[in-house]
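Accompanying notes for the structure given below.
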Amino acid sequence: MVAALYLTGQLSQIVLSWPGPVVMLFLTVALKLGRLVSPSLERGAFSVYQFFRVGVTYPLLFAIGVAMTPWQSGPGRSDLPL
């Protein structure tokens, strides 16, 4: 299902010059509203959502914070923004 949505989005970007991710989003919403997605697929997607919400979001925020911290600046240096 994901591969079909991706390929449809890419094809629409080539043929219609519409952004692929936007077409994929609209197709997904249409499938969801039309109840064309099986309940087992929805449960699986919800499980992946729960995993990312609990297990990935905060470590990712922490890693980005660590990566963006100016470690060369120390206490008492005048080049730190106030």
Side-chain angles (χ1 to χ4, degrees):
M1 175 73 91
V2 174
L5 288 171
Y6 174 77
L7 290 174
T8 305
Q10 290 300 316
L11 183 64
S12 70
Q13 188 168 359
I14 293 168
V15 174
L16 303 173
S17 298
W18 292 352
V22 174
V23 172
M24 288 171 38
L25 179 63
F26 283 132
L27 286 174
T28 304
V29 169
L31 289 172
K32 178 82 171 149
L33 289 176
R35 298 186 187 266
L36 300 173
V37 181
S38 69
S40 64
L41 185 61
E42 286 189 21
R43 281 192 303 272
F46 185 73
S47 298
V48 172
Y49 162 75
Q50 289 287 93
F51 168 73
F52 271 85
R53 191 187 77 169
V54 172
V56 175
T57 302
Y58 293 116
L60 184 62
L61 287 172
F62 175 75
I64 290 171
V66 167
M68 296 184 72
T69 301
W71 294 107
Q72 284 74 24
S73 300
R77 295 207 32 191
S78 62
D79 60 347
L80 289 175
L82 297 176

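Annotation: the span from Gln50 atom CD to Arg43 atom CZ amounts to 14.5 Å, rounded to 0.5 Å.
Taking all atoms of both residues into account, the shortest heavy-atom contact from Gly9 to Ser12 is O-OG, 2.8 Å.
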Give the table of side-chain donor-acceptor pairs shorter than 3.5 Å for residues 54-70, with sequence neighbours excluded, one pair per line with atom names and distance.
residue: Thr57; atom: OG1; partner: Phe52; partner atom: O; Å: 2.9
residue: Thr69; atom: OG1; partner: Gly65; partner atom: O; Å: 2.6

Side-chain polar contacts of residues 17-28 - donor-acceptor pairs under 3.5 angstrom, sequence neighbours left out - could you list them?
residue: Thr28; atom: OG1; partner: Met24; partner atom: O; Å: 2.7

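Criterion: ILVMFWY side-chain heavy atoms under 4.5 Å apart, direct or through other members. Under it, Leu11 and Leu31 are part of a common hydrophobic cluster. Connection of Leu36 to Leu5 is established within a shared hydrophobic cluster, with ILVMFWY side chains joined at heavy-atom distances below 4.5 Å, either directly or through further cluster members.
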